[in-house]
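Quick notes on the structure that follows.
Per chain, numbering begins at 1; letters A, B, ... match sequence-line order. In this text, all values refer to a predicted model and were calculated from it rather than measured experimentally.
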Amino acid sequence: MINIPKGTKDILPQESYKWHFIENIIRELSSIHGLLEIRTPTFEHTELFLRGVGDTTDIVNKEMYSFLDKGDRSITLKPEGTAGVARAYIENGLGSLPQPIKMYYLTSVFRYEKPQAGRLREHHQFGVELFGTYHPLADVEIISIASSFFRKLGIEGLTLKINNIGCKKCRQNYNDALKEFFSKNSEDLCPICNARINKNPLRVLDCKELSCKKVILNAPICTDFLCAECKAHKETVEQGLNSLSIDYTNDPYLVRGLDYYTGTVFEFVSEKIGAQGTVCGGGRYNDLVEEIGGKSTPAVGFGLGIERLLLLMEAMGVLIREKETTEVFVIPQNDSFQNECLKVISYLRENGISAENDLSGRSFKSQLKYANKMGFKYLMVIGETEVNSGIFSLKNMANGEIIELNKIELVSFFRR
RNA sequence: GUGGGUAUGGCGCAGUUGGCAGCGCGCAAGAUUGUGGCUCUUGAGGCCGUGGGUUCGAGCCCCACUACUCACCCCA
C-alpha cells in the first residue's frame with residue numbers, strides 16, 4: 001500500500017460538490033467586482049520567492065518545496081500566490097494597461113510544514129490582487145471583497161484585525177525604536193526573539209512566549225511612528241470601512257510573516273477552527289514589484305485558505321448546496337429490453353437530461369434498491385408496455401407518485 | 001525541529017487477569033419474476049501499523065521504528 005503524501009488530502013467524489021459550491025461563489029463574486037482570473041504556473045524560479053517573499057521569513061527559510069530540475073535550475077513549488085502574480089504583471093507588461101489592474105486566482109500552494117488542524121502541505125488559496133494605485137480606496141475595495149465573500153457564504157462572527165506597519169520611511173524609524181527597546185530588554189526575551197532583534201524586530205511582536213508577551217506590552221507602538229502620509233492613508237481606509245459597515249479592530253501588534261507587506265495589513269480570524277485561526281490575510285505590498293525587478297508599482301491584495309474556509313463552514317453549520325444527483329434511472333423490465341433501455345437513456349442524454357442505468361447486471365429488484373440508495377430523482381422501467389405504447393411512466397422517488405408521459409413530454413417535463 | 005495522543009475489515013469502534021478476532025454502519029445477494037425506503041435471512045471483506053523481545057501461547061505485556069493526529073513555531 002502506497003499512502004498519500006503527508007499533509008495532502010484527496011477531494012473525493014462525494015465531497016467535491018462543496019468545492020464547486022465555493023468556486024461558483026468565487027467566480028460570481030469576482031465578476032461582480034470586475035476581477036478577471038489569472039493563472040500562473042505551479043512552480044517558479046526559486047529566486048522569485050527569495051526576493052519576493054523575503055529570505056528571512058519562515059516560508060522561504062524552511063518551508064519551500066525546492067529542487068533542481070534536469071537543467072540544474074532551482075525550481076520551487078509556489079508557497080503563496082502573490083509573487084507569481086507580481087512576476088506575471090511585470091513580464092506581460094500589465095502595467096501599460098489602464099490602471100489599476102484587478103485580478104483573482106484560485107490555486108494550490110505548497111509549504112513543507114508539519115501538518116495539523118487547518119494546516120496542510122498542499123492547500124488551496126483564493127486570492128485577489130490589485131496593482132497600480134496607492135489610493136486607500138483600493139485597500140477598502142480589497143477588504144470589502146473578502147468581507148462580502150464571507151457574507152455571501154453565510155459566515156458570521158469573524159474578527160477583522162487591521163494595522164498599518166508603515167511605508168519604508170516610517171518603518172525605518174519604527175524598526176530603530178524597536179531595536180533599541182528590545183535590546184534593553186533582551187534578557188527577558190526568548191532566544192528566538194533575541195536572534196530576531198536586529199534582523200527583523202517587527203517579528204518579535206508576534207511572539208507567543210509568555211515572557212516576550214510581557215515585554216511586548218510596553219514596546220513602542222507602530223501607529224506612533226507613522227508619517228503624515230501613512231496616518232492619512234490609515235484614516236481614509238478606516239472611514240471607508242466605517243461607511244461600508246465593516247467591523248474591524250485595530251491591532252497594533254498585527255505583523256504578517258511575509259516581508260513584502262507595507263502599510264495596511266489585515267486578517268480575518270476565527271476561534272472556531274482550532275489553533276490556526278486565520279482564514280484570510282492580506283495587505284499592501286508597494287515594494288514587491290520593484291523588489292523583483294519591475295518598476296515601482298503599488299499593490300494590495302489578500303489570500304484566503306479554502307480548506308480553513310471549509311473547516312469554518314463545517315464548524316458553523318453553514319449549509320452548502322446539496323450535491324447534484326442524476327435525474328433518471330432507467331431499468332429494463334428484463335434482459336430482453338436492455339437495448340431499448342439504452343436507446344431511451346441516449347435519448348434523454350441527447351436532450352440534456354442526466355440519466356443512468358445499471359452497469360453490473362443486477363436483478364430487477366436490486367436495481368430498484370440501488371436507485372434508492374443512489375438518490376436518483378426519478379425512476380423509469382422499460383418493458384413491453386412502454387415499447388408498444390410509447391408512453392413512459394416516471395416514478396418520483398421522493399413521494400412515490402407516478403406520471404405518464406410520451407417522449408416529447410418527457411423532455412419538456414425536465415426542462416420546466 | 002520540539003512535545004502529547006492514537007494505530008483492530010471501506011468507515012466508526014469493542015476486545016475482560018494474555019487463551020479460536022467481534023459489533024454497528026456500509027457493501028453484495030435473496031425473501032412466489034412491472035417498482036425502492038421498513039423488516040428478515042445469507043454472504044464477501046482483517047498478517048490486529050512494521051520489526052524485535054517475554055511466554056506453552058500476544059490484538060493485549062516490554063523495546064524500537066513508522067504513520068496519522070493535536071499543539072508549539074509560522075501561516076491561509
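- Here A/Glu113 lies in heavy-atom contact (under 4.0 Å) with a base.
- Base pairing of B/G19 is made with B/C56, judged by Watson-Crick or G-U wobble geometry with both donor-acceptor distances under 3.5 Å.
- The distance between atom CG of A/Leu120 and atom C1' of B/C74, rounded to the nearest whole Å, is 15 Å.
- Classification of the A/Phe376-A/Phe329 ring pair by plane angle, with boundaries at 30° and 60°, yields parallel.
- Note on A/Ala117: only backbone sugar-phosphate atoms sit closer than 4.0 angstrom, heavy atoms only; bases stay farther off.
- Using a 4.0 Å heavy-atom cutoff across all strands shown, A/Leu258 reaches sugar-phosphate atoms only and no base atom.
- Residues from residues 142-149 of chain A placing a heavy atom under 4.0 Å of any atom in RNA chain B do not occur.
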Discussion item. I'd like to know whether A/Lys102 forms a side-chain hydrogen bond (donor to acceptor under 3.5 Å, both in side chains) with A/Ser30, so could you lay out the CA-CA distance, the side-chain angles of the two residues, the decisive distance to 0.1 Å, and finally the verdict.
Written reply: CA-CA 10 Å; A/Lys102 301 182 278 184; A/Ser30 298; over 6 Å; no
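- Base pairing analysis places B/G1 opposite B/C72; the two distances defining the Watson-Crick or G-U wobble pair are each below 3.5 Å.
- Separating the CD1 atom of A/Ile273 from the C1' atom of B/U69 is a distance of 17 Å, rounded to the nearest angstrom.
- As rounded to the nearest Å, B/C62 and B/G43 have C1' atoms that lie 41 Å from one another.
- Salt-bridge annotation for A/Lys407 and A/Glu409: absent, with no side-chain N of the basic residue lying under 4.0 Å from a carboxylate O of the acidic one.
- In summary, A/Glu44 and A/Arg87 engage in a salt bridge, as defined by a charged side-chain N under 4.0 Å from a carboxylate O.
- The minimum heavy-atom distance linking A/Lys272 with A/Ala315 is given by the pair O-CB, 3.8 Å.
- Using the Watson-Crick or G-U wobble rule with both distances under 3.5 Å, B/G46 pairs with nothing in any strand shown.
- Taking OG of A/Ser270 as the reference point, atom CD of A/Gln276 lies at 12.0 Å (rounded to 0.5 Å).
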What does the list of N/O pairs under 3.5 Å between the protein and nucleotides 7-12 of chain B look like, with a distance for each?
none

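- Seen from the ring of A/Tyr112, A/Arg121 counts as a face-on cation partner, given the 6.0 Å and 45° thresholds.
- Ring to ring, A/Tyr65 and A/Phe43 are not that close: their centroids are 6.0 angstrom or more apart.
- An OP1 or OP2 oxygen of B/A71 is reached within less than 4.0 angstrom by a side-chain nitrogen or oxygen of A/Gln116.
- Using bins of under 30°, 30° to 60° and over 60° for the plane-to-plane angle, the ring pair A/Phe150/A/Phe268 lands in the tilted bin.
- The aromatic ring centres of A/Phe392 and A/Phe413 sit 6.0 Å or more apart.
- When the P atom of B/A67 is taken as reference, atom CG of A/Asn3 falls 10 Å away, rounded to whole Å.
- Atoms CD1 and CG, from A/Ile22 and A/Leu106 in turn, are 9.5 Å apart once rounded to the nearest 0.5 Å.
- Side-chain N/O atoms of A/Gln276 and base N/O atoms of B/C74 include a donor-acceptor pair closer than 3.5 Å.
- Using N1 to N3 plus N6-O4 or O6-N4 for Watson-Crick, or N1-O2 and O6-N3 for G-U wobble, each under 3.5 Å, B/U6 pairs with B/A67.
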Worksheet, complete the sentence: Reading nucleotides 29-48 of chain B from 5' to 3' and marking B where a protein heavy atom lies under 4.0 Å of the base, S where only the sugar-phosphate is that close, and - otherwise, the string is SBB--BBBB-----------
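- Rounding to whole angstrom units, CD1 of residue A/Ile4 and C1' of B/U69 are separated by 15 Å.
- We find the NZ-NE2 distance between A/Lys18 and A/His20 to be 13.0 Å, quoted to the nearest 0.5 Å.
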